[in-house]
Amino acid sequence: MAAPALPQAAQRALLRWYRTAARALPWRRTRDPWRVWVAEAMLQQTRVEAVRQRYEEFLARYPSPAALAAAAEHEVVEAWAGLGYYRRARALWAAARRCCALHGGRVPAEPAALAALPGVGAYTAGAIASIAFGAAVPALDGNAVRVLARLLAVTEDVSRVAARRRLETEAAALALRAAAEPDGPGAWNQALMELGARVCLPRAPRCDAGCPVRRWCGAARAGIAAELPRKPARRAPRPVQLAVGCTLDADRRRVLVVRRPAGGLLGLAWALPAVEGGRAELGAALGARVGRELLRWRHAFTHRVWHARLYQCTLHGAAPPGARWLGAAALRRRGFPTAFRPAVAAALELLRAGRGAHLASDPRHAAGRRQRAASERPRG
DNA sequence: AAAGCGGGGTA
DNA sequence: TACCCAGCTTT
């Protein structure tokens, strides 16, 4: 292993800064590998503040791999509702089961064994191994990539293999050297991420706001910190028309909900029945008569935008397999992805209003509809 | 190498 | 509006 390009003095300065500047986050109070793992799983592409609110609650419910493994997969997905990337919940559940089957219910300490678990890639394996077990391995997340690309003044596109390899080599050398410091590689990896989150910000790096490693930063010296790291442009999300059914039972006291198919978008999450297309596609898929339109809203994903319309539906025959009828209380309790919350709110409104009442009779709701409908108007 | 997969904060 | 975030998996 070659020596790191970053001087030891810089590494020590950053470690020193971390000792005093680190935020007191819930997952920093422990070295319990399960608690570290749950935090890392939740933090994948997810803001610290979003995870803060959900972390303790999830751990109270699933305090160990065995506890999670004992739950049903769909129950875990529901506990994940609102956090996004639901595949993480399913992977964590599968990985917990594997820990019980293969590792006696314990979290493995070896980075390779960790990375073999579903949902655990190079970053997460490195984070768990270094933070929970003190292993001298890097944890190269988006923050660390940004910080290192700036320190080393890597001007190449960081998604390219050559640039990526350079960052990984440097990160590995730094983790190894950090193992000889009192704080250890776990603190070092978190120090890199903390700097990226607090000082070395993506758009507007705060080099002047007390960056502890500015003296050693190639990008700051060249005046190009804000331009790094370079990344390829992302493609615009594809617009998709979505028809959603609001189906009441004969008593008009309950609403039909379904679990979405496992493979696709929002897999295994609870939702109102929905299909790409309009009234015709919804009626055919649901076996229902499609009545009046109740609501329009939009929901943006990374890769597509839903232009969604909610229709009141009447079933021709039986409910589709696996569907459930939920009353207002059950509907409120159930965890739904954010994409469906406007529809669930409208369904609740419809239940509350009762037979024959019109949704738009609620002025608050009518205002919301007008606003969304305006933003929804097709361009051109 | 690129695409699929959420949700929300920020400039 | 555009960008990005404590990424992983499949194609």
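Bear in mind the structure is a predicted one, so any value in this text is a computation, not a measurement. Note on naming: letters A, B, ... go to the chains in the order of the sequence lines (proteins, then strands), and numbering restarts at 1 for each one.
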Side chain proximity check, [X] to [Y], heavy atoms < 4.5 angstrom:
| X | Y | result |
| --- | --- | --- |
| Arg164(A) | Val158(A) | no |
| Arg230(A) | Thr155(A) | yes |
| Arg259(A) | Arg324(A) | no |

Original post:
Parallel, tilted or perpendicular: which fits the ring planes of Phe340(A) and Trp306(A), with parallel below 30° and perpendicular above 60°?
Top reply: perpendicular

Original post:
Can you tell me if the side-chain N/O atoms of Lys231(A) get under 4.0 Å from OP1 or OP2 in dA2(B)?
Top reply: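 For dA2(B), neither OP1 nor OP2 has a side-chain N or O of Lys231(A) closer than 4.0 Å.
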
Original post:
Do any side-chain nitrogens or oxygens of Arg146(A) fall under 4.0 Å of OP1 or OP2 in dC5(C)?
Top reply: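 Answer is yes, contact under 4.0 Å.
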
**OP:** Using the closest heavy atom to pick a nucleotide of DNA chain C for each, name whichever of Gly119(A) or Leu43(A) lands nearer the 5' end.
**Re:** Leu43(A)

[N] versus [M] - spacing of their [atom1] atoms, nearest Å:
| N | M | atom1 | value |
| --- | --- | --- | --- |
| dT11(C) | dG6(B) | P | 16 Å |
| dC5(C) | dC5(B) | C1' | 14 Å |
| dA3(B) | dA6(C) | P | 24 Å |
| dG9(B) | dC8(C) | C1' | 23 Å |

What is the nucleic acid contact for [X], judged by heavy atoms within less than 4.0 Å: base, sugar-phosphate only, or nothing?
| X | answer |
| --- | --- |
| Arg28(A) | base |
| Val161(A) | sugar-phosphate |
| Trp27(A) | base |

Subject >> Nearest-Å distance for atom pair CG/P, residues Leu114(A) and dC8(C) >> reply: 12 Å

Subject >> Whole-Å gap separating C1' (dA6(C)) and CE (Met193(A)) >> reply: 5 Å

Subject >> Pairing residues for Glu181(A) by the salt bridge (charged side-chain N to carboxylate O under 4.0 Å, His left out) criterion, not counting sequence neighbours >> reply: Arg12(A)

Original post:
What one-letter contact string describes nucleotides 4-11 of chain B from 5' to 3', where B marks a base within less than 4.0 Å of any protein heavy atom, S marks contact via sugar-phosphate atoms alone, and - marks no contact?
Top reply: BBBBBB--

Original post:
Do Phe58(A) and Trp80(A) have their ring centres less than 6.0 Å from each other?
Top reply: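 Here the rings of Trp80(A) and Phe58(A) have centres that are less than 6.0 Å from each other.
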
Original post:
Which residues satisfy the ring pair (Phe, Tyr, Trp, His ring centres under 6.0 Å) test with Tyr18(A), sequence neighbours excluded?
Top reply: none

